[in-house]
Every structure is written in structure tokens, then in C-alpha cells.
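What follows is a short report on a single structure.
Computed from heavy atoms alone, side chains included, the values below leave out hydrogens, waters and symmetry copies.
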Amino acid sequence: MSSRPRAAWPLVAVFTAGYLASYLLPTIVGRLSVYLGLSAAQGGLVGSALLLSSASAGFCLAGRVETYGPQRPARIGLVLAALGYGCAALAGSVPLVVMGVMVGGFGSGTATAVAAAGIAAQRDPHRTSSLGLLSVSATAGVLYLTIPHLGGGHRLPFASIALVALLVWPATSRLGGAVSAGPAVPASGRLPHRRSGLVLAGGMLVWSMAQNALWGVSSRIGVVQVGLSEVSIGAVFAAALGAGLLGVMGAGVLGARLGRAVPIGLGTVIIAASIVLSSSASDLGSFATGEITWNTFYPVVLSYLIGLAASLDARGRWAVLAGSASSVGVACGPLLGSVLSEESGYRVMGLILGAMTLLVAVPVTAVALHTGGRPLVPGSVRRRGGAPAALLAVTTGAVPGAVPRLGAPEQAVTELSLPELRRRRLVRSAFRTAGPAGGDGQSNAYASTSDR
């Protein structure tokens, strides 16, 4: 068996521990408001502080994970997450809770940065990111089913995240070499595809902000506008995350068949409609339909966005930077949603967020189209800005055997330095076609050079 599949599961585990806090954001904000007496805007501000701390860790580690190695920063991140969220669970005052949230958020961001860099180094980044989203959705779904029945005030969500971080700790012993898998990559150099990367990072920031603006106040919509109990809201969220599991599995099966542009563009349009439906709901049916549809397509689009960012740089720098930009959007989301809902109401908030989602779909889909030459199929031969060479051969009637089949490993390209030849005048007669030279039958790249 290849070593790559074995290297994926520790990344999935660390990814789950890093992403779990953002998935539990509605119950965190809701319980802070109920049990610590915070307003909706104040609770959203605490959630934003958590996620901004997480994003800052990602920006600090961008391009440095391979320098430190994946194991050490992953362990540091998990320790910080366990300590920070554990302290927030034990604290009874708002300042101590905020301090614990900031420390725990930095730990979550560190773990997520390690996982993002490792995912970018995998042969199939989309598959690994789908597995990570599958794992975190399942974990959050189980917690949404159990937390409402256990009480515990604001302590239980934080304690759950800290416990998951501790459970993931043993997986870090298997991280050695996960990031360095595949061909060697220079330790330094400029970021490739800078324009596409910047557009993608900015688009993911706005996209995530719109999603989490609704996600951060979804619990309040269920309680205030629809009139549901916490148990009913937990059941709706668990069903929505279960639908998200099906969506992620469907994305994994779909893979590269439709490319990236179609799932990202079409999925974002459906998400925008679901945001409007959920925020304007007045009964359980419409609220559940909006939340379930939204959570079905949200992880699908996110998995393709993560895979798209990972394809821009094998060292994982764009994956970490775009992920951190997304974390900034996630961080600003709860505060934006709380302010919009208090000033304009939930229905107007939904229309604004839906419009934002539709607008950002255009540049992000354009990046997916522009980078269509880097397909999801691992190792396929490709040309910059165009279709894979194997696909071109099929559609243009190329001579069989002229190019490798689709999915075949790429042949290494080595730069040859000829310092002596640069100082001399090169003539056409100095070279001849590669082939057997002399009597030994060995092949040479060039047969002879002139001494002129």
C-alpha cells in the first residue's frame, strides 16, 4: 500500500481539532448570551475574537510549517487549544472566558495551518480535505445531539473542544514526513500564481464572512423568530450537519468529473438562496429546509475551495494563506450577523448576506476557470492555463503514445547548466540528435561540442 493514504489520517484528525470551534460557533455564542448575560452582539464579538486569534496563527505559520516540521507546531497547537478552551470552560467571568478563548483560538489556528500545509502536499488535496470536512461535520453533529441534553451552561461546548484536542494528540506522532511527501520543493522562492491566489484569498474571506454571519446567529433565529427550544434547534443542526456529511461524500465521489468551477459557482448560488430562506423562516419546516440545504452545499463548496488553494502551491503556502483569510471572514461573521440582525432584522440580514455570496461567486469561479489546467486528478500532465495534455491528446487525435495517459505520473524536469557553452559562440553543427553514441550503445543528450 502506498504511504500517502497512511499519511492522510493524522492530517484529518488535526484538521478536525482545528476546525471544530468554528462548527460549534452557534451554540458557543448562544450559551454565552444565555448563561453569562451577554447581548447577541457581545456574544458574537467573543466568537469573533476566537476566530481572529485562529486566523492570526495561520498568517504567522504560512510558509513556515515545513521549516519547523509538522509534528512540533501541531502538538503546540493542540496543547494551546486544550488549555485555552479548558480555562474558558472553568472560568465564570467574562474576561477570563475571553482570555481562554483567545489562547484556544490560536491553538486551533496552529493545528489548522499544519493540516492545510499537509493537505496541499498530498497527491489528491481535494480527497484529503473532503475527509477532513467529513470528520469535523460528524464530530460536530454528535455534539449538537448531545450537548442540549447535558446542560452545563457555557462550559460544555468549550470542554468538548478541549477534549477533542486531547484525543487527537496521539495522532501527531504519525505526522513526520506527511508534509514533505512527493517531489522535493525548493525551500525558498516567490509565491506562484500570485494574482489568482490573492483573488481566491479575498473571495474566501468575503464568502466565509457571509456564511458565518448567518451561522453565528442561526441559533438566535430559531429561538427568537421561529420559537424553537434548544433541543429542537440542536436536532435541526445535527440533521443539517448530517446532510453535510452526505454532501462531502458526494463531493468525494464526484471528484474532478465537473472540474472545480461548476461545483463552486453552482453551489454558491444554492447557498445564497438557502441563506435567504433560513433567515426569513417563520416555522420549523422552512427553517430546517434552509439550514439543511445550506449545510449540504457549504462543505462541498468549501472542499473545492481548499483543493483549489492547495493546487496553487505544492508547499501549501496558498492553502495556509487562503485558509487564514477564510478564518478572518469566519471571525468577522458572527459580529456582522449580530449587528445586521439587531439593526435591520433577520430577514433583511439574509438578503444582504445572500447578495454578498452571489457577488463573490464571480471572481472565485473565475479563478477556478483560470486554473483549470491544474486538475484534481493527481499527477496528470498539464500546461499552464489550459487543459491537461492527456485530455488534449484524446480530443485532438494525437498520435497514440505521444503523451502519457490521464493520471500518469509526471516526468521529472531537470535544469541543465552549461557555463562553458555560454562563454562560447554556439553553432548548429555543435549538436546532433540524441541517440546511441560510439560503440557502447549508450544514449547521450548531445553528442559533441566544438572547441571553437
Side-chain angles (χ1 to χ4, degrees), residues 19 22-27 129-130 133-134 136-138 140-142 144-145 204 206-228 232-254 258 260-306 326 329-330 333-334 337 340-341 346-361 364-365:
Y19 251 73
S22 62
Y23 268 69
L24 292 181
L25 200 61
T27 190
S129 63
S130 297
L133 291 171
L134 192 67
V136 71
S137 297
V142 171
Y144 272 118
L145 284 175
M204 288 183 67
V206 178
W207 186 86
S208 298
M209 185 188 302
Q211 310 308 302
N212 286 275
L214 177 63
W215 185 238
V217 298
S218 289
S219 180
R220 302 294 300 168
I221 293 175
V223 172
V224 175
Q225 185 167 284
V226 185
L228 302 177
S232 300
I233 293 174
V236 171
F237 287 164
L241 292 173
L245 295 178
L246 297 178
V248 172
M249 288 188 288
V253 172
L254 180 64
L258 298 178
R260 293 189 183 97
V262 172
I264 290 174
L266 181 60
T268 301
V269 171
I270 296 175
I271 287 172
S274 302
I275 290 175
V276 174
L277 176 61
S278 180
S279 61
S280 61
S282 57
D283 56 71
L284 175 60
S286 56
F287 179 73
T289 300
E291 292 289 327
I292 290 173
T293 305
W294 174 40
N295 280 277
T296 299
F297 287 91
Y298 170 82
V300 174
V301 176
L302 182 59
S303 69
Y304 280 95
L305 289 174
I306 293 174
S326 176
V330 171
L340 287 177
S341 61
Y346 294 115
R347 289 179 173 82
V348 176
M349 177 202 72
L351 292 174
I352 295 174
L353 297 179
M356 288 174 58
T357 304
L358 288 177
L359 288 176
V360 80
V364 172
T365 305

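- Contact of the Val348 side chain with the Leu340 side chain is not registered, since no non-hydrogen atoms from C-beta on lie closer than 4.5 Å.
- Looking at residues two or more places apart in sequence or on another chain, you find a side-chain contact (heavy atoms from CB on, under 4.5 Å) between Thr357 and Trp207, Ala210, Gln211, Thr268, Ile271, Ala272, Ile275.
- Residues meeting the side chain to side chain donor-acceptor pair (under 3.5 Å) test with Thr293, sequence neighbours left out: none.
- Among the candidates Ile292, Val226, Leu214, Asn295, the single residue satisfying the side-chain contact (heavy atoms from CB on, under 4.5 Å) test with Ser278 is Leu214.
- When all heavy atoms of Pro299 and Gly244 are compared, the closest pair comes out as CG-O, 3.8 Å.
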For this session: Would you please test Leu353 and Met356 for side chain to side chain contact (heavy atoms under 4.5 Å, CB included) and show each step?
Result: CA-CA 5 Å; Leu353 297 179; Met356 288 174 58; 4.1 Å; yes
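- For the pair Ser341 and Met349, the tightest heavy-atom approach, listed with the atom from each and the gap, is CB-SD, 4.0 Å.
- With Thr27 contributing its side chain and Leu24 its backbone, the two residues share no donor-acceptor pair below 3.5 Å.
- Across Ser282 and Arg347, no two heavy atoms sit closer than the pair CB-NH2, 4.1 Å.
- The ring-ring contact (aromatic ring centres under 6.0 Å, His included) check on Phe287 picks up nothing, with sequence neighbours excluded.
- The shortest distance between side-chain heavy atoms of Met249 and Leu134 falls below 4.5 Å.
- Side-chain contact check for Thr296 versus Ile270: every heavy-atom pair is 4.5 Å or farther apart.
- We find the CG-OG distance between Leu305 and Ser326 to be 8.0 Å, quoted to the nearest 0.5 Å.
- Looking at Ser22, its side chain does come within 3.5 Å of a backbone N or O of Tyr19 through a donor-acceptor pair.
- When side chains are defined from C-beta on, Glu291 counts as touching Ser218, because their heavy atoms get closer than 4.5 Å.
- Looking at every heavy atom in both residues, Ser279 comes nearest to Ile221 through CA-CD1, 4.0 Å.
- Using a 4.5 Å heavy-atom cutoff, the side chains of Tyr298 and Asn212 are in contact.
- Residues Ala140 and Tyr23 share a closest heavy-atom pair of CB-CB, 3.9 Å.
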